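Dumping the structure here so I can ask a few things about it.
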Amino acid sequence: MGMFWLLAFVLCQTIPTQAAITVGGGVGIDIGNAGGGVWIGGGINNNNNNQTPSSSSVSKLSSAYTALQAWKSAITDDPLGILKTWVGSDVCAYKGVFCAGSQGAMAPFVAGIDLNHANLRGMLVKELSLLSDISILHLNSNRFSGTVPESFKDITSLQELDLSNNHFSGPFPTVVLYIPSLVYLDLRFNSFSGPIPDELFDKRLDAVFLNNNQFEGELPQNLGNSQASVINLANNKLSGNIPASFGLASSKLKEILLLNNQLTGCIPEGVGLFSEMQVFDVSRNSLIGHLPDTISCLSDIEVLNLAHNKLSGVLPDLVCSLRSLMNLTVAYNFFSGFSQECSKLFFRNSGFDFSLNCIPGRDMQRPEPQCSVIPGGGLSCLRIPSAQPLVCGALLGNLAVNVSSTSP
C-alpha cells in the first residue's frame, strides 16, 4: 500500500488537487470539482460509462500496449506469474502497471511501473521509451541483465529510476544523464564497472545510489557540486583522494557513504562545510593524516565512521563534543591519544568504538611494534594555517582562498 501513496504523491505534484480521496477500481484521488480523478492500479475509474475515450487517450494507451508487449517478449522467466495479467489492450489492468488520468480534461496514461521483488529475468527494451508520461520505474530485486537502452532519454517525465539488485553490467549507463526530469537514481547491487562520469554530479538529483557495483577510478572532482541529499558510493573499487574542493559548493548533502573503496590521502577540510550532514562514512579505505578541525562544524552529524583507515594524531574535543553525534567509530586506525571529551565517550556502552589504535593506557589497542611507525607520517595534508581551532562561520572564505592558492 505504501507504493500506492508514493505514486499518488508524485502524480499530484503536477496536477492541482482538491476534494478528497476515494477508492474504486484502485486507489484514486479526485481532481478539481468536476468529479474526475487520478487513478492508480487495477484499471482506470470510469463513473461515466457513456463517455467516449478521446483520441489522445487511445493513442497513449495504444503506445503503452506496444511498449509493454515488447518488454513482455524480452522477459524469459516469470516464476510468480505476474505477466499472466499482461493480456489484452487494457494495460491499466496489468499487474504492476499504474495509470493516471481524469475523465474529460486529462486522458488516461501509464504513470508508473512497480515490479519490485518480482524475480523476473530478462532485459529492458528500447520500446519502453514509448511510455513518455511515466514518472516512476521501480524494478529492484529482479534478474534483469544487459544495460539501459539509449532510448530511455526520451522518457521525459521519468523522476524515479530504481534498477537496484539486478544483474545489469557494463559501463555507467550514461543515458540516465539525459533523462530531464530524473531526481532519484538507484543502480546499487549490480555489476556496473568503469569510471563514474563527472556529469552525474552536475545533474539535479536528490538521491544517488551506486553502491555495491564494480565502479573504479578516481572520485570526480566535482563530487561536492551535487545537489543530492544522499550519495552512496560504498563497496566499489574507487581510488585516489577525496577532492580537495569537496564541500565548497552550496550542497545540501545529508548522507555520504564512501566506505569499502580504495581511497587514499587526507580527509579534506571542506567536509566541514556540509552543515546539514548527518552521516559521513569513509571507513575501510586507506586515508591517512590528522582529522581536520573543520569536522567540528558538522553540527547535525549523527554517524561518523572513520574506522579501518590509517588516520593518526590526537582525537580532539572538537570531534567528540559534536552535539548530535550518536555513533563515533575510529577503530583500526593509529590515533595516539584522546582529549578530555573523547575520554568520556570511551566509557559509554555503545555507539563509540576506539579499539585497535595506539592510545597509551587503554585496553584493546594495537601492539606497540605496530605503533612505532605511523603510516603517512611524513605527509602534509592541505590545512589552513591557524593558531586556534577554526571558527566554523569563517570557513568558506578561508577554504576557497587556500584551495585556489594550491591549484596549478
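Because the structure is predicted, anything quoted here is derived from the model rather than measured. We number each residue from 1, following the sequence as shown.
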Next on the checklist: Looking only at the side chains, is there a donor atom on one of Asn285 and Ser283 sitting less than 3.5 Å from an acceptor on the other?
Outcome noted: no
Next on the checklist: If you compare all heavy atoms of Met277 against all heavy atoms of Leu298, which two are closest, and at what distance to 0.1 Å?
Outcome noted: CB-CD2, 4.1 Å
Checklist entry - After noting the C-alpha distance and the side-chain angles of Trp71 and Leu124, does the key distance pass the side chain to side chain contact (heavy atoms under 4.5 Å, CB included) rule? => result CA-CA 7 Å; Trp71 190 19; Leu124 304 181; 4.0 Å; yes
Checklist entry - Within the distance-only criterion (no hydrogens, no angle test), does the side chain of Asn213 pair as donor or acceptor with the backbone N or O of Phe192 below 3.5 angstrom? => result yes
Next on the checklist: Would the distance check show the side chain of Gln214 and the main-chain N or O of Ser191 forming a donor-acceptor pair, the cut-off being under 3.5 Å?
Outcome noted: no
Checklist entry - Counting heavy atoms not belonging to Lys310, are there more than 12 under 6.0 Å from its NZ? => result no
Checklist entry - Is NZ or CZ of Arg121 both nearer than 6.0 Å to the six-membered ring centre of Phe144 and within 45° of the ring axis? => result no
Checklist entry - Judged by modelled atom types alone, do Asn222 and Asp202 share a side-chain donor-acceptor pair under 3.5 Å? => result yes
Next on the checklist: So that I know where these two stand, are Phe338 and Phe354 an aromatic pair - ring centroids less than 6.0 Å apart?
Outcome noted: yes
Next on the checklist: Test your reading of the model: is there a side-chain donor-acceptor pair from Thr294 to the backbone of Glu269, 3.5 Å cut-off?
Outcome noted: yes
Item to check | Single hit among Glu276, Glu302, Gln278 for side chain to side chain donor-acceptor pair (under 3.5 Å) with Lys254 | outcome: Glu276
Checklist entry - Is it true that a side-chain atom of Ser229 and a backbone atom of Asp206 form a donor plus acceptor pair closer than 3.5 Å? => result yes
Checklist entry - Which is it for Asn236 and Asn261 under the side chain to side chain donor-acceptor pair (under 3.5 Å) test, yes or no, and what are the steps along the way? => result CA-CA 5 Å; Asn236 281 288; Asn261 279 286; 4.8 Å; no
Item to check | Between Phe274 and Phe280, ring centroids under 6.0 Å | outcome: no
Checklist entry - Would you call the rings of His308 and Tyr332 parallel, tilted or perpendicular if under 30° counts as parallel and over 60° as perpendicular? => result parallel
Checklist entry - Can you check whether Trp86's main-chain N or O pairs, donor with acceptor, with Lys72's side chain at less than 3.5 Å? => result yes
